[in-house]
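Have a look at the structure below before the remarks.
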Amino acid sequence: MKLELNDRVALVTGASRGIGLAIAATLAAEGAKVALAARGADALDAARAAVGGSASVHVADVTDPVAAKALVASVGKQWGRLDVLICNVGSGASVPPGQETAAEWSRVINLNLFAATNMIEAARPLMAGGNGDRAIVCISSIAGMAALGAPVTYYGAKAALNATVRGLARPLALEGIRINAVAPGTS
């Protein structure tokens, strides 16, 4: 691909495995400086080795807004700017339909919605001022748009993420930041 990402700075949350690791590797292969973020240091070190290129690792639990702000500050200090934010933290694991509790709703929404909103809030000041060349991509799910057998809590969280991205599109555009959600499906 030719994504014109040479020397751009990208931060990928949930980057130690799966979709996040694949995104980080692709960004690095396209010439971006990639900041990898996840909760586990060992997994991040392995991810950095797999990604190669200009990559930094940052241990952070972005479900905590204070940790999200510290992560963005660390990336800003190391790289001097932030051009691309990939909000990839999430999980579809939950209880079977009809067994949801308030605690389970909170856990799943915190992981699949608030992890992204925490990162958007934290990154916005560092990303603002672009001319539309700065981008936020939130990894959602087909479950946010269609009932296909996933847990109800996951449907709700991903639908809320999609609505949040739509609601933020105009205000962020005024700051020179594009925002989109990508909804992978099942294979």
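Quick note: numbers below take in every heavy atom, side chains included, and nothing from hydrogens, waters or symmetry partners.
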Close side-chain approach of [X] and [Y], heavy atoms under 4.5 Å:
X	Y	value
Leu71	Leu11	yes
Leu85	Met119	yes
Val59	Arg39	no
Arg107	Asn110	no
Trp79	Asp7	no
Val12	Cys87	no
Val89	Leu111	yes
Val57	Asp45	yes

- Between the side chains of Asn162 and Ser140, is a donor N or O closer than 3.5 angstrom to an acceptor N or O?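 Side-chain D/A pair, Asn162 to Ser140: present.
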
Between [X] (side chain only) and [Y] (backbone N and O only), is there a donor and an acceptor less than 3.5 Å apart?
X	Y	answer
Lys158	Ile139	yes
Tyr154	Gly90	no
Thr101	Glu104	yes
Ser74	Ala70	no
Ser56	Val75	no

- Query: Hey, mind stepping through Tyr155 and Asn112 against side-chain contact (heavy atoms from CB on, under 4.5 Å) and telling me if it holds?
  - Reply: CA-CA 10 Å; Tyr155 287 132; Asn112 290 286; over 6 Å; no

Please list, one pair per line, the donor and acceptor atoms closer than 3.5 Å that link side chains of residues 166-182 to other protein atoms, with sequence neighbours excluded.
from	atom 1	to	atom 2	distance (Å)
Glu175	OE1	Arg124	NE	3.1
Glu175	OE2	Arg124	NE	3.0
Glu175	OE2	Arg124	NH2	2.7
Arg178	NE	Gly132	O	2.7

For the student: nearest non-hydrogen atoms of [X] and [Y], plus distance:
X	Y	result
Thr63	Ala115	CG2-CB, 4.1 Å
Ala183	Met145	CB-CE, 3.3 Å
Leu36	Ala55	CD1-CB, 4.3 Å
Asn118	Pro65	ND2-N, 3.6 Å
Cys138	Val165	SG-CG2, 3.9 Å
Val51	Ala28	CG1-CB, 3.5 Å

Going hydrophobic residue to hydrophobic residue with side-chain gaps under 4.5 angstrom, can you get from [X] over to [Y]?
X	Y	value
Val95	Val152	no
Leu126	Val62	yes
Ile120	Ile23	no

- Find the distance between OG1 (Thr13) and CD1 (Ile86) and round it off to the nearest 0.5 Å.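 Taking OG1 in Thr13 and CD1 in Ile86, the distance rounds to 8.5 Å.
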
- Interatomic spacing from CD in Gln99 to OG in Ser94 - rounded to 0.5 Å: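 Taking CD in Gln99 and OG in Ser94, the distance rounds to 9.5 Å.
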
- Message: One thing to verify: whether Lys69 and Glu121 come together as a salt bridge, which I'm taking to mean a side-chain N less than 4.0 angstrom from a carboxylate O.
- Response: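 Salt bridge between Glu121 and Lys69, a charged N being under 4.0 Å from a carboxylate O: yes.
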
- Message: Asp64: which residues meet the salt bridge (Lys or Arg N to Asp or Glu O under 4.0 Å) condition with it, sequence neighbours left out?
- Response: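 With neighbours one apart ignored, the set is empty.
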
- Message: Testing Arg8, Met127, Lys33 one by one against Asp83 for a side-chain contact (heavy atoms from CB on, under 4.5 Å), which residue passes?
- Response: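 For Asp83, the side-chain contact (heavy atoms from CB on, under 4.5 Å) test succeeds with only one of Arg8, Met127, Lys33, which is Arg8.
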
- By side-chain contact (heavy atoms from CB on, under 4.5 Å) - contacts of Thr117 (at least two apart):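 Listed in chain order: Leu113, Phe114, Thr164.
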
